[in-house]
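Take a look at the structure set out below.
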There are 2 protein chains.
Amino acid sequence: MTISLNDIAERAGVSVKTVSGALHGGSARMSDDTRLRIREIAEELGYVTNFAARSMRQGWMPLIGVIADELVTSPFATGIIGGLDSGARASDMAVFAMTLSGRRTVASVLEEMHRFRPRAVAYAAMYHKRVELPAEFAETVGVMINCREANDRVTSLVPDEAGAALEMTNYLLNAGRRNIAYINLPGLLASELREIGFRQALDQGGFNGANATVLPAVNRAIYSDRAQSLVHSHVQQLMSVPQRPDAILCGNDRVAMEVYAALRRCGATIPDDVAVASFDNQVEIASRLDPPLTTMALPHRAMGRKAAQILLAEDRAPVEVKKIPFRLVERLSV
Amino acid sequence: MTISLNDIAERAGVSVKTVSGALHGGSARMSDDTRLRIREIAEELGYVTNFAARSMRQGWMPLIGVIADELVTSPFATGIIGGLDSGARASDMAVFAMTLSGRRTVASVLEEMHRFRPRAVAYAAMYHKRVELPAEFAETVGVMINCREANDRVTSLVPDEAGAALEMTNYLLNAGRRNIAYINLPGLLASELREIGFRQALDQGGFNGANATVLPAVNRAIYSDRAQSLVHSHVQQLMSVPQRPDAILCGNDRVAMEVYAALRRCGATIPDDVAVASFDNQVEIASRLDPPLTTMALPHRAMGRKAAQILLAEDRAPVEVKKIPFRLVERLSV
DNA sequence: TTGAAAGCGCTAACAG
DNA sequence: CTGTTAGCGCTTTCAA
C-alpha cells in the first residue's frame, strides 16, 4: 500500500497541486507555513515520489541507459558504470545497463531500453575500439564510451592511448632508462596508438623511435586472454643478448605479471636490473605484484563521469572525439 | 515524438483496448486478422511499450533493484549482476543497481530506489559477510546475495565455503598430496568456514585436521588488499624445514599469486614439488599464472540467477539460508 | 496564495 | 468479438 500525493492532500486539507508544489519546489508559491506542514505530513506518512507517474507528464524517466557491449562481464565495467553513476547522481538520475551480447543487435537492445523511457542513452565498450552505429541511432545514443563511432556521428570518449604511452615512456626515460623494449598487445586499436606514442617519446628524447623493439605478447594476430603467450620467450631472448633492455613496457598488467615471472627466471631484479611498466592498473594485480607495478591507469571512471556530464548537459554540444588522459600510478617497479 | 497505443488505434480504426490486447495478448480476443493487422501497424510505426504508463495500473515497474553494498566497485559485481540479469531477462525484467557506500544508509538507498517502483529488491554484498538489516526492511528486501541476514529475517544466498574447502582439500588428497598447508585470509567469515571444511576433510582422510598448518596471509586481524603481506616469509619458513608441504592452499587467487613468486624464489616447482590451489577464480589472474591456477570458483553468477528465481517466484517461500556450491576449476597447478 | 481539471499511456471492468 | 470509460499519480494550465 503505497501512499500518494492525494493521501497527503487529504490529510493536509489542501489540493494535490499544493502538495506537489510544496514537495518539489515547483513554480507554486504558498506560505512557508503550509509548505512546512505538508512536508512534515509527507515525512510522517513515508511518502516517496513515484517517478513512473511523473514520467507520464515529463515524457521520460530519470534514468541513463547504458548499452553495454559485453561490458557487464568485464571488471572494467565497474569504473565506467561507477563514474556514470556518480556523475548522474548529482542530477538525481539512476543508471541502468543492458548487455549487448551474443546475437542481440543494437536495435533490439535499444528497443528494450526504450520501454523504460530513459532520459539519455550511452553506449559503452569493454575495450577501446571502433563501433559502427547504424545511422538511425545517432540521435538516440548521446555518447560513446571507450569506443569511437566509426563515422563520427556521435560524440565519443576514448582513452588517450598515444598520450599515455608518451607519458609513460618519458617517465622511464626520466628515470634514466635508455633501452626500453615494448611488449605490446597485437591487433588492438589501443596498441597501435600506444606504439605511436612510444616511438614518438623516444624520438623526442633523442633516441631512434623507429628502431625501437616492439614485440607481440601473443602469437595470434589479435590479443586475447586465451592466446598462447610469447612473453617468456621474448624476455629470455631480450635478456640473453649483450644489449639487454633496462626497461620493459607491457601492453597490460597481465603481461607485466608474466614479465615479472620471466625476469625472475632470468635472475634479473626489478627495478634494479630492469624496470617494468604497463597499462591498465588492474588494482588486484598491479598492487599485489612484487614489487608493486607502476602503470598507467585507464580513465574508466573519468570517461563515465564525463559521459554523464555530456548526456545531462542542457544543450547538445557538437559531435567530437574526446581523448581522456590516463593517470600515472607510481609504484615500485620503475 | 514517441508513438502510443492511441496512434495505432487511430490508424487501425479500432479502440485502444483492442490494440493493447493485440500487442500484449491480454484477455481480449479478436480475429487473427485484426490482431495481425494491428501488429503490422505497430511495427511500421515503431511502437515501443511504455513501461512507466503500464506501471500506473500494475503498481510496479518491471525492474529488479539491487542494493549493492560497495559492490559496484568490485569485479565480483559482474558475476552477481550478470546472473541476476540473465535470470530476470526471462521474465522481461531489467536489473538496476544502486550503490550503498560511504555514509548512505540502507533506508536512504531503499527510498531512492522505491521512487522507481521496482517489482522486487535484492541486497548484494561484495564479500561474504553478515548483514544486519533493520527489521522494517525485512519485507521489502526479498533476498540477500553473498551475505547472511544477521537475524534470519530474509532468505539469504551464500557461497558454501566449508563445502568448497572440503572439496578442494579432498581433491588435493586424491592427487596424492599428504602435507597441505593453508594460507588463509584472517578475520573473514569465509575464512572461518573454509578452515572448518579444510580440517574436516583432513580428518575424514585420516590425517589430523586439528594439527594442520593454517597461517594468516597478512599481519592484520582482518585481511585487506592493503595490509602487509606475510606470504613470502611463511612460504620461506614452510619450505625450509624437513617436513615441507607438498601442497599449499591459498585464501584467494592473489595470495596464490604471491605464493607462486615465493615458491619460485625457493626453487620449488609447481605442481611437481608443491601443488597450489585456491579460492575465487579471478580469471584474469588464475588463467594467466604459470602454471594456470586450480581454484574453486565463487558461485557469483549462480547466486545471482538463484536470486532472480526467488524474487520472481509466484509465492514467497519461507525464509532460509541457501548455501550455493563453488565450482572446481581444474587447471595445472595441482 | 490556493483549487479544479485536464491529460500523459496504459489496462481492467463493464457494455454492447 | 469490439468499444467505452474510468482511473493509476503526477504536473501543468487555467481559474478563483
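Just so it is clear, the model here is predicted, and its values are computed rather than measured.
Crowding of B/Arg39 atom CZ: a count of heavy atoms from other residues, nucleotides or ligands under 6.0 Å exceeding 12. Summarising the local packing, NZ of B/Lys129 is surrounded by more than 12 heavy atoms from other residues, nucleotides or ligands at distances under 6.0 Å. No more than 12 heavy atoms of other residues, nucleotides or ligands shown are found within 6.0 angstrom of CZ on B/Arg11. The environment of A/Glu44 atom CD is dense: over 12 non-hydrogen atoms of other residues, nucleotides or ligands sit within 6.0 angstrom.
If you take CD1 of B/Ile38 and P of D/dC1, they are 14 Å apart, rounded to a whole angstrom. Regarding B/Asp7, its CG atom lies at a distance of 10 Å from the P atom of C/dC8, rounded to whole Å. Distance NE2 (B/His114) to P (D/dG9): 11 Å, rounded to an integer number of Å. At whole-Å resolution of the value, CZ in A/Arg117 and P in C/dG9 are 9 Å apart. Rounded to whole Å, the distance from CD on A/Glu10 to P on C/dG3 is 13 Å. Taking atom CG of A/Leu5 as the reference point, atom C1' of C/dA4 lies 15 Å away to the nearest angstrom. To the nearest angstrom, C1' of C/dA5 lies 13 Å from CG of A/Asn6. Rounded to a whole Å, the CG atom of B/Leu23 is 15 Å from the P atom of C/dG9.
Between A/Arg115 and B/Asp92, some side-chain heavy-atom pair lies under the 4.5 Å cut-off. For the pair B/Leu298/B/Asn146, no side-chain contact is recorded, criterion being any heavy-atom separation below 4.5 Å from C-beta on.
With the end axes of the helix from C/dT1-D/dA16 to C/dG16-D/dC1 each set by five pairs, the angle from one to the other reads 40° at 10° resolution.
Not counting sequence neighbours, A/Asp280 has no partner by the side chain to side chain donor-acceptor pair (under 3.5 Å) test. Partners of B/Arg119 by side chain to side chain donor-acceptor pair (under 3.5 Å), not counting sequence neighbours: none found. Qualifying side chain to side chain donor-acceptor pair (under 3.5 Å) partners for A/Gln309, counting only residues two or more places apart in sequence or in other chains: none.
Counting any heavy atom pair closer than 4.0 Å across all strands shown, A/Val16 reaches a base atom.
The side chain of B/Ser20 places no N or O atom within less than 4.0 Å of a non-bridging phosphate oxygen (OP1 or OP2) of C/dG9. For B/Ser15, no side-chain nitrogen or oxygen approaches OP1 or OP2 of D/dT4 to under 4.0 Å. For C/dC8, neither phosphate oxygen OP1 nor OP2 lies less than 4.0 angstrom from any side-chain nitrogen or oxygen of B/Ser4. Between A/Thr34 and C/dT2 there is a side-chain polar atom (N or O) within less than 4.0 angstrom of OP1 or OP2.
Under the side-chain contact (heavy atoms from CB on, under 4.5 Å) rule, A/Ile67 has a single partner from A/Arg104, A/Glu112, A/Met144, A/Met113, which is A/Met113. The side-chain contact (heavy atoms from CB on, under 4.5 Å) test with A/Tyr123 is passed by exactly one of A/Ile145, A/Val141, A/Val66, A/Val154: A/Val141.
Side-chain polar atoms of A/His24 and A/Thr49 form a donor-acceptor pair below 3.5 angstrom.
Residues from residues 47-61 of chain A placing a heavy atom under 4.0 Å of any atom in DNA chain D, listed by number, are A/Tyr47, A/Asn50, A/Ala53, A/Arg54, A/Met56, A/Arg57.
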Contact list (N/O, under 3.5 angstrom) for nucleotides 13-16 of chain C vs protein:
none

